[in-house]
There are 2 protein chains.
Amino acid sequence: MRLLSVVLSGGAGSRLWPASRQAFPKPFMKIGDSTLLQQAIERGQACGTGDLMVVTNKDHLFLTKDVLGQMSDPPATTFLLEPKGRNTGPAIALAALQCARQFSGDTVMLVLSADHLVPDVHAFVASATEAFRLAQEGSLVVFGVSPTSPNTGFGYIEVENVSRESQGVKRFVEKPDLETAQKYLATGRYYWNSGMFAFTADTIIAALEKHAPDVIRAARHALETSKASGDSINFDLHAFGLQPDISIDYAVLEHASNVHVVPAKFSWSDVGSWPAVSDALTPDASGNTLPDDVVALDTTGTHVQVESYGPKVVATVGVRDLVIVDTPDALLVLHKDSAQKVKKVVDVLKARKHDTVHLPPVVHRPWGTYASLKEEEGYKVKRIAVRPGEALSLQYHHQRAEHWVVVQGQGIVQIGEVEHKTSPGQYRYIPLGEKHRLSNTGDEELVLIEVQCGGYLGEDDIVRLADTYGRT
Amino acid sequence: MRLLSVVLSGGAGSRLWPASRQAFPKPFMKIGDSTLLQQAIERGQACGTGDLMVVTNKDHLFLTKDVLGQMSDPPATTFLLEPKGRNTGPAIALAALQCARQFSGDTVMLVLSADHLVPDVHAFVASATEAFRLAQEGSLVVFGVSPTSPNTGFGYIEVENVSRESQGVKRFVEKPDLETAQKYLATGRYYWNSGMFAFTADTIIAALEKHAPDVIRAARHALETSKASGDSINFDLHAFGLQPDISIDYAVLEHASNVHVVPAKFSWSDVGSWPAVSDALTPDASGNTLPDDVVALDTTGTHVQVESYGPKVVATVGVRDLVIVDTPDALLVLHKDSAQKVKKVVDVLKARKHDTVHLPPVVHRPWGTYASLKEEEGYKVKRIAVRPGEALSLQYHHQRAEHWVVVQGQGIVQIGEVEHKTSPGQYRYIPLGEKHRLSNTGDEELVLIEVQCGGYLGEDDIVRLADTYGRT
């Protein structure tokens, strides 16, 4: 049996602002020691899947490669790069078509979401093994979670009776209202739809042909007009956009007769809100989930997380059931009961066109990261980190000169036509209008402190003359 | 009638951490548009006092001069610089002796605390006018505040009956326990002791001679052995330390018969805790005191203040009666009911020898300020701001080289024996071990971004060869 992990990595996760941003969504958030995306990939590996396919927005390719680069045993990966958001229907159709042509039609696809949390991997493997068996027999398998509350954020799956055995599905139902969810819960006949699936490529393609021919047709067209580049498949924006915006549930699972539900014998969370994040961590004796150095007096049920440029201490006094998330450019103080309203905060900030909606404080680029440490009239200080083997574009600026001090790593600074080898403690000056480029030629990260001086310091004052990443 | 403001400026204000620190105490905190110290000085000026005497720790001279420098009409000022903390007894004795010799013994001293808040200056002037009249007649006047709660943080003054008229005092009592304070409040015969006074220099000196001869004798000795330097009087550490650590209440007011209380016809706060800070500000319709750009959803009775190096947004959701104070190196989230426990936070941090107990994120020096923007293995980035006419010491470092980029202002950089004129956008390199100095020769602040590179970057790796401020 050939097994392929298909990880769907999308979504903005605005309910987890300010840790998650549009350009830094939930899969890249760390819960515990690693990101949710890494945990999803490792979950697939634990089930014996050799290869990996990631369906994600093209802007997140480099963040995704960062995650893979930090793994001790990263799988061989194919990236399906979406030029814009579509739903799970097209994503799974594309993955299945690509799987069939790259591997084989009888490959079992384990479809995972990149932003779910499953702490007990062993229990997951047990359920997945059962799912693979059914998938090989031609079933469309969905992992069902026994509901613990009348959650209105999930779709529900009706069966004969919720049990520990896999069984056929009576029907799929949409996210219900609270009253309906309460009814479902009371009957004992409904699972939550976890959004995790298993089927062979041939089985899901056949089901799409039968129940959603427009989806599979549009996916074929999108794949035919796509361009492969190394391990990535880039879709044409127009062809991709012709695909209907539809979930796999709507498109196929609600209609197909060969759907089986495998009960999740593992605890599971879609980490859909801040309380879900703290629930996923091990609390201390006071029910708090917070870093060791927080001074918490008379504090219970409170979650604290801090990301800062320098040392920062947090003290909480006399508070209960709060979520406190501090980043260099945004601070959230939230009562856990109001967790669903974080989305409203993001809406307010969107209306203000506030940067913190889109960009994280540390901005990821194909070549590495940058962070603004200080900005005042006439100057800006940045920390720039370039990954080994990477290089910024050859570029110049109309309105600013730059002072560069390398503080870590080995590299080359090109200024005009001259290339200068550079190492920690060295300085280079980039005059206004002069073309320049920074490359990391060493084995470790190259870190640079940049002081920009000029009348206008926006990110858009950049003229790219040559770029490894096709951004000219 | 000659009038002198005497402002007592001391105290660590650990209950207002992290906005107030040992090296940046309460008088330097802004409440509303200006610091408490500036408000105290202006309160004196409103009463018609021409000159000013400030009694403060010598380490706070430059912070104090900063405050005066920012005032549109700063008074002529004499600084009595304490080498260590003593109590109000010695402070007032020294001020009275200095007043008598610098001005005249019949000068009326209006003694104000630098960390009180009196929003209605006009009402204060009315009470002060009455106090001055009594002081000229030979009274020791204390401003009494009608108690609104059984506060255990103040001393109390017993009179015949609390009224709107000034009257003689029956007795002073120490900070009571809660039960006693409740009794006092019920009788209607007690004022809070505001710690603000008025008397002539001669009157208080005579009272000290009579009731606390050891205090006035030690103060005379401390003043005789002091050294004047410009507008400052520096005390000898030993002679200063010989003064008893005693309050003016204990030393004199409890014993003297010529004490009058003038009722405060103004609202008053000693800003002794975070709720007192928010009470001093005008709340919005939801009872919040916070900057305009805070996103406050479902938030009531909450105080927010933010000090950050770059733009930072704060969002509060579903919270009530919190105090949120965010600084670059410390964040406090406090329920107003637990305000007295902030001191415990400081105690915990003291035990950890945590920097945030002592130093504010922006550190004040005689020549200006510095702030650490980023520190990692091998390097540190600082913003250094030098005031017009000031200069850092001529210095060198054993373990670090420094890269300097001037981003604002005009100055001179001395490196070795060579002086370089410098202006915004210019760079200088300070090799390890090379002597160097930075001076501001322009009319505006000189701002520099410094990147230090080296194996050890502590503030103590500094050898001062020459210094304007006597720090060699």
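What you see is a predicted model, and the numbers here were worked out from it, not measured in a lab. Chain identifiers are assigned alphabetically (A, B, ...) following the order of the sequence lines, protein sequences preceding nucleic acid strands; residue numbering begins at 1 within each chain. Just so you know, these numbers use all the heavy atoms, side chains as well, and skip hydrogens, waters and symmetry mates.
- In this structure, no portion of Asp337(A) lies under 4.5 Å from any heavy atom of chain B.
- At a 4.5 Å heavy-atom cutoff, Thr299(A) makes no contact with chain B through either its backbone or its side chain.
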As a quick check of understanding, evaluate side chain to side chain contact (heavy atoms under 4.5 Å, CB included) for Leu331(A) and Leu331(B), giving each step before the final call. CA-CA 10 Å; Leu331(A) 166 64; Leu331(B) 165 65; 3.8 Å; yes
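- Scanning for side-chain contact (heavy atoms from CB on, under 4.5 Å) contacts around Lys343(A) gives Ser14(A), Arg15(A), Asp347(A), with sequence neighbours left out.
- A distance-only check finds a donor-acceptor pair linking the side chain of His403(B) to the backbone of Gly425(A) [under 3.5 Å].
- For chain A, the nearby part of Thr327(B) is the backbone; its heavy atoms alone come within less than 4.5 Å.
- Annotation: maximal heavy-atom pairing with chain B below 4.5 Å, among Arg320(A), Arg383(A), Gln408(A), occurs at Arg383(A).
- Using a 4.5 Å cut-off between heavy atoms, Pro424(A) does not touch chain B at all.
- Between chain A and the residues Lys336(B), Glu376(B), Glu377(B), the largest count of heavy-atom pairs under 4.5 Å involves Glu376(B).
- For Tyr370(A), there are no ring-ring contact (aromatic ring centres under 6.0 Å, His included) partners, not counting sequence neighbours.
- Using a 4.5 Å cut-off between heavy atoms, Ala401(A) makes no contact with chain B at all.
- Closest approach of Ser338(A) to Gly318(B), counting heavy atoms only: OG-CA, 3.4 Å.
- Contact annotation for Val325(B): neither backbone nor side-chain heavy atoms come within less than 4.5 Å of a heavy atom of chain A.
- Of all heavy-atom pairs between Leu322(A) and Val319(B), the closest is CD2-CG1, 3.9 Å.
- Interface remark: Val447(A) contributes side-chain atoms only to the contact with chain B (heavy atom separation under 4.5 Å).
- Partner of Val295(A) under the side chain to side chain contact (heavy atoms under 4.5 Å, CB included) criterion, chosen from Leu332(B), Val345(B), Val346(B): Val345(B).
- Taking 4.5 Å as the heavy-atom cut-off, the residues of residues 305-316 of chain A that approach chain B are Tyr309(A), Pro311(A), Lys312(A), Val313(A), Val314(A), Ala315(A), Thr316(A), ordered by number.
- Open room surrounds CG on Asp292(A); 12 or fewer heavy atoms of other groups in view lie less than 6.0 Å from it.
- Between Lys341(A) and Leu297(B), the shortest heavy-atom distance links the atoms O-CD1, 3.8 Å.
- Checked against a 6.0 Å centroid threshold, the rings of Tyr427(B) and Tyr427(A) count as neighbours.
- In this structure, chain B has no heavy atom under 4.5 Å from any part of Asp321(A).
- At least one side-chain heavy atom of Asp293(B) sits under 4.5 Å from a side-chain heavy atom of Arg352(A).
- In this structure, chain B has a heavy atom under 4.5 Å from the side chain of Ile324(A), while its backbone stays farther away.
- Residues of residues 448-457 of chain A lying within less than 4.5 angstrom of chain B, judged on heavy atoms, are Ile449(A), Val451(A), Cys453(A) in numerical order.
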